[in-house]
**Student:** 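Let me begin by handing over the structure; questions about it come next.
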Amino acid sequence: MDWYQMTPDEAVGKLEGDSRKGLSQEEAERRLSEYGANELKEEEKKPLAKKLAEQFLDPMIIILLIAAVISGVVGEAVDSVIILLIVIVNALLSIFQEGKAEEAIAALKKMSSPTVKVIRDGASKEINSAGVVPGDLVVLETGDIVPADLRLLESSNLKIDESSLTGESVAVEKHAEEKLTEEVGIGDRLNVAYSASIVTYGRGKGIVTATGEDTEIGKIATSLSSMEEEQTPLQKKLAGLSKTLGILVVAVCAVVFLVGKLYGHETLSMFMTSVSLAVAAIPEGLPAIVTIVLSMGMGNMAKRHAIVKRLLAVETLGTTTYICSDKTGTLTQNEMTVTHVYVDGKVLDVSGTGYAPKGEVSFDGKPVTFDDVHGLKTLSAIANLANDADLTEENGTYGILGDPTEGALITFAGKQGIDEKKLEEEYPRVEEIPFDSERKMMSTFHKNYFENKVSSFTKGAPDVVLSRCKYFLKDGEVVELTEKDREAISEQNNSFAKNALRVLAYAYRNYDELPSDISSETVEKDMVFVGLTGMIDPARPEVKEAIRECRSAGIVPVMITGDYLLTAKAIAEELGILREGDHAMMGEELNGKSPEEIREIVKTTRVFARVSPQNKVQIVTALKENGEITAMTGDGVNDAPAIKKADIGIAMGITGTDVAKNTADVILTDDNFATIVNAVEEGRIIYANIKKFVTFLLSCNIGEVLVVFLSILLNLPTPFLPIQLLWLNLVTDSFPALALGVEKGEEETMLEPPRDPKEPILDRKVTITLIIQSLAITAATLGVYYYALTTHGATGDGLVYSRTMAFSTLVFSELFRSFSSRSIDDTLFKMGFFTNKRLNQAVLLSLALVLVVLYVPALEAMFHMTDLGFMDWVIVLISALIPLVIGEIQKMIRFGRQQAN
């Protein structure tokens, strides 16, 4: 049995407390020692040494480290130092970019109330919230933050905002005397109050049932800390690629070493040749280039209002197949807004959203004034005066102090030129009957609104208010309320409710003087009915278009909310999330379901309402188990576990709690759902570019390996020294690869479905391109090398000349090939030869750095190079164009086949 299923007396008895005097100070100190402070423990941060160690576990990095050690042992100190520098810089860059450790638990801790009013030894006292213990009596008043989980013992018009925990935008009315027999979700537990929620109205008293990590907030903290970070798709693919390359490198090196020994070469010479192969085979710049390109992507996304905290999340965004979004504050504005009014028998529309008093009231599309609809002025005045909220404004930003529903009414009156403060000064409140959840109404008394009269203004639940009315304000005249009128009003109330509007009714009654006996029974009867208002937390206007773009990109949007099913469905249908054939269901229906059943449910269900934090995690988990790449957006504490569980966690930057923001991978600085679509597009572009430069790098490196490997098999001298290959890979490959990483996205980027998450980086099309290009580079380079050896000899200066020719051919063939690598499908004629300015600059820079080692004497000697003559360059440049030409012909052939099909 949970606390909400107990009576107040049962709860007090189980906690061995006292509902009148509270705990003694001595007993409170004993329990504090037993249960610990009412705080949330921070997760232990990962030591820097461990972070560094994790950076060196990549197979490619391990092989590079081995190559560095070998180079150092055999006296190639320059090679060894350069390799080590690459590895260290890459590790430090990754640690720096991925930022500081998780702060979600610390943020949850900060949400606790710093002080709290408790009753101990029969006296009220204020203590630090960390000192609250189970069994303590806590006093709650408007504005208080609930310090721990409580079973309410007393409540008087008590309303608590639990939106950060449940996602429900409307404050919950609490009833201490209520005893619930069935199991219900957090949002429906009317007799308890939860840690970190805020009292918006009334007062109450409760006994502490849980503190610290045992609270609902604490359970979320525990679930966050227990979730392990999962690898992103790109991490998995690069790890797989590294592993495959590593195995191939070891195998090829072993074969080369054995073949060399069979040919009678020296052991040390073959050892160095194997090192050359390792350096040639491994794109040592790849990790650094991926990191830099992702960093650039982070910068681009920041310009588009999406801050990416975790580097590899940039790419993962592009793979997203499902976006699970919280409703309140994400799809909607988290600001209750009056959208419809029923007065004088007419349904009026109200424009404008949020708490800013900007908008107009219209009928049949035409603006109306108080002169056009006579009852509108009275209804607006009642909505403003029978109200305990205040409208605030700071630097043009409007907000509400008090209940969001009442705030919406002040804004509605303001849209018609009614100044809240002036109206209250002109017609001050002289008496009131506060809102009571049993009678579901409140009434306030004001003088002279109607000349020489005292008026009671009443607002409340439509059915209750209507039952207390005898008259009807119609076209400015008070007439008898007929049965036909009652039916029309009830029908309109039902119509508003079916559209998920929160409906309130308004009435008044006049007196010659203030009644001496003021009570609900004597005052709230024989009233004049004025009208109805319908309000809702409205959808963000830009979200509908964003949802449409999601669908065109093959991404499925899903609403997961703590709000009621009817409201959730109405918003989802309006936005296009819920379409014909889609299902909507309550979160509690997931309870008790097996993982297999939930996996089937999520395939067709697009709205989940009244969900608990655990339900959200269940949904995200099921989608991931179905093979979907899932993004989860949210702003509340209740969203944090699902945000962390998702492949991509997205938090709102403005309305989001610290917990959500610190848990997320991405923060939207404009709280705009449409920004997610922009981020997905950027992610797709980045992945496409990563694919381009990975293909470019591997085709170059495989070409290098084949040149070395075939030379050994043909019993030719090693064509390259390790330092030459390292310089080539770092300079010639890296700069063009970086330029390819910022290639402009193609027009069809957001018109294609998300790629299969299991699709390898090297898919069939890329693999064919890779093979053809590698063979072309090999043929061109090996051909020139063999020609140089036959014309200048295979020893002494002849070997130096031959290696220089081979090196130059390889360099230029790779640089020319980089232009073709800008697209797998489009030819240079379609893209334009020099439209990527950064690639042009990269190629020129690479050429300059290569020519430096060819023509600066000191470097020429260090890299074992020699000068080349005019005819030598003619041979090199013509040969180097072969891979580019073959690549473009391949694209044209592929395009022709696609057209034929």
**Student:** So, Thr533 versus Tyr506: side-chain donor-acceptor pair below 3.5 Å or not?
**Tutor:** yes
**Student:** Could you work out, with side-chain contact (heavy atoms from CB on, under 4.5 Å) as the rule, every residue matching Ala688, not counting sequence neighbours?
**Tutor:** none
**Student:** Taking all non-hydrogen atoms of both residues, which atom of Asn615 and which atom of Arg610 are closest, and how far apart?
**Tutor:** OD1-O, 4.4 Å
**Student:** Quick one: side chain to side chain donor-acceptor pair (under 3.5 Å) pairs with a partner in residues 404-415, sequence neighbours left out?
**Tutor:** Asp403-Thr405, Thr405-Arg502, Glu406-Lys459
**Student:** Only one of Val350, Asp349, Val343, Val338 clears side chain to side chain contact (heavy atoms under 4.5 Å, CB included) with Val361; which?
**Tutor:** Val350
**Student:** Which residue in the set Asp537, Val543, Asp326 passes side chain to side chain contact (heavy atoms under 4.5 Å, CB included) when paired with Leu331?
**Tutor:** Val543
**Student:** Report the C-alpha separation of Lys692 and Glu743 in whole Å, then their side-chain angles, then the decisive distance to 0.1 Å, and conclude whether the salt bridge (charged side-chain N to carboxylate O under 4.0 Å, His left out) test is met.
**Tutor:** CA-CA 9 Å; Lys692 290 171 188 175; Glu743 181 72 31; 5.4 Å; no
**Student:** Closest heavy-atom contact between Val611 and Gly587?
**Tutor:** CG1-CA, 3.6 Å
**Student:** Do Glu628 and Thr321 have a side chain donor and acceptor closer than 3.5 Å?
**Tutor:** yes
**Student:** With distance as the sole test, does Ser325 use its side chain to make a donor-acceptor pair with the main-chain N or O of Met559 at under 3.5 Å?
**Tutor:** no
**Student:** Okay, side chain of Lys174, backbone of Arg189: is any donor-acceptor separation there less than 3.5 Å?
**Tutor:** yes
**Student:** Applying salt bridge (charged side-chain N to carboxylate O under 4.0 Å, His left out), which residue pairs with at least one partner in residues 541-562 are found, sequence neighbours left out?
**Tutor:** Glu545-Arg548
**Student:** Quick one: closest heavy-atom pair of Val617 and Ala642, and the distance?
**Tutor:** CG2-N, 3.8 Å
**Student:** When rounded to the nearest 0.5 angstrom, what distance separates SG in Cys550 from CD1 in Ile323?
**Tutor:** 4.0 Å
**Student:** Give me each pair satisfying side chain to side chain donor-acceptor pair (under 3.5 Å) with a member in residues 596-609, each pair once, sequence neighbours excluded.
**Tutor:** His583-Thr604, Ser594-Glu596, Ser594-Glu597, Arg599-Glu625, Glu600-Lys603
**Student:** When rounded to the nearest 0.5 angstrom, what distance separates NZ in Lys569 from OG1 in Thr561?
**Tutor:** 14.5 Å
**Student:** Would you say NZ of Lys440 has more than 12 non-hydrogen atoms from neighbouring residues, nucleotides or ligands within 6.0 angstrom?
**Tutor:** no
**Student:** Nearest 0.5 angstrom please: Tyr398 OH to Glu335 CD, how far?
**Tutor:** 12.5 Å
**Student:** Please round to the nearest 0.5 Å and tell me the distance separating atom CD1 of Ile629 and atom CG of Asp647.
**Tutor:** 4.5 Å
**Student:** How about Ile186 and Glu216: do any of their side-chain heavy atoms sit closer than 4.5 Å?
**Tutor:** yes
**Student:** Spell out, as yes or no, whether a donor-acceptor pair under 3.5 Å connects the side chain of Asp161 to the backbone of Ile198.
**Tutor:** no
**Student:** I'd like to know whether Ser380 forms a side chain to side chain donor-acceptor pair (under 3.5 Å) with Gln416, so could you lay out the CA-CA distance, the side-chain angles of the two residues, the decisive distance to 0.1 Å, and finally the verdict.
**Tutor:** CA-CA 8 Å; Ser380 301; Gln416 297 161 87; 3.0 Å; yes
**Student:** Ignoring hydrogens, what is the shortest heavy-atom contact between Leu623 and Cys324? Give both atom names and the distance.
**Tutor:** CD1-SG, 3.4 Å
**Student:** Salt bridge (charged side-chain N to carboxylate O under 4.0 Å, His left out), that's the test. Do Arg684 and Glu752 meet it? Break it down for me.
**Tutor:** CA-CA 10 Å; Arg684 288 188 176 190; Glu752 298 176 356; over 6 Å; no
**Student:** Less than 3.5 Å apart, any donor N or O on the side chain of Glu162 or Ser197 sitting next to an acceptor on the other?
**Tutor:** no
**Student:** Keeping Thr675 on the side-chain end and Leu668 on the backbone end, is there a donor-acceptor pair under 3.5 Å?
**Tutor:** no
**Student:** Over all heavy atoms of both residues, which pair between Val503 and Pro462 is shortest? Give the atoms and the distance, please.
**Tutor:** O-CD, 3.4 Å
**Student:** Is there a donor-acceptor contact under 3.5 Å from the side chain of Asn689 to the main chain of Gly741?
**Tutor:** yes
**Student:** To the nearest 0.5 Å, what is the distance between OH (Tyr4) and CG (Leu190)?
**Tutor:** 11.0 Å
**Student:** Please give me the minimum heavy-atom distance between Ala500 and Ile536, naming the atom from each residue.
**Tutor:** O-CD1, 3.6 Å
**Student:** Hey, is the main chain of Lys645 close enough, under 3.5 Å, to the side chain of Lys624 for a donor-acceptor pair?
**Tutor:** yes
**Student:** For Ile598, what residues pass the side-chain contact (heavy atoms from CB on, under 4.5 Å) criterion, not counting sequence neighbours?
**Tutor:** Leu590, Lys593, Val602, Gln618, Ala622
**Student:** State whether a side-chain donor-acceptor pair under 3.5 Å links Thr353 with Thr337.
**Tutor:** no
**Student:** Identify each donor-acceptor pair in which a side-chain atom of residues 489-498 lies under 3.5 Å from a protein atom, sequence neighbours left out, and give them as a table.
**Tutor:**
unit_1	atom_1	unit_2	atom_2	d
Ser490	OG	Arg486	O	3.0
Asn494	ND2	Ser490	O	3.3

**Student:** When rounded to the nearest 0.5 angstrom, what distance separates NZ in Lys219 from CD in Gln614?
**Tutor:** 7.5 Å
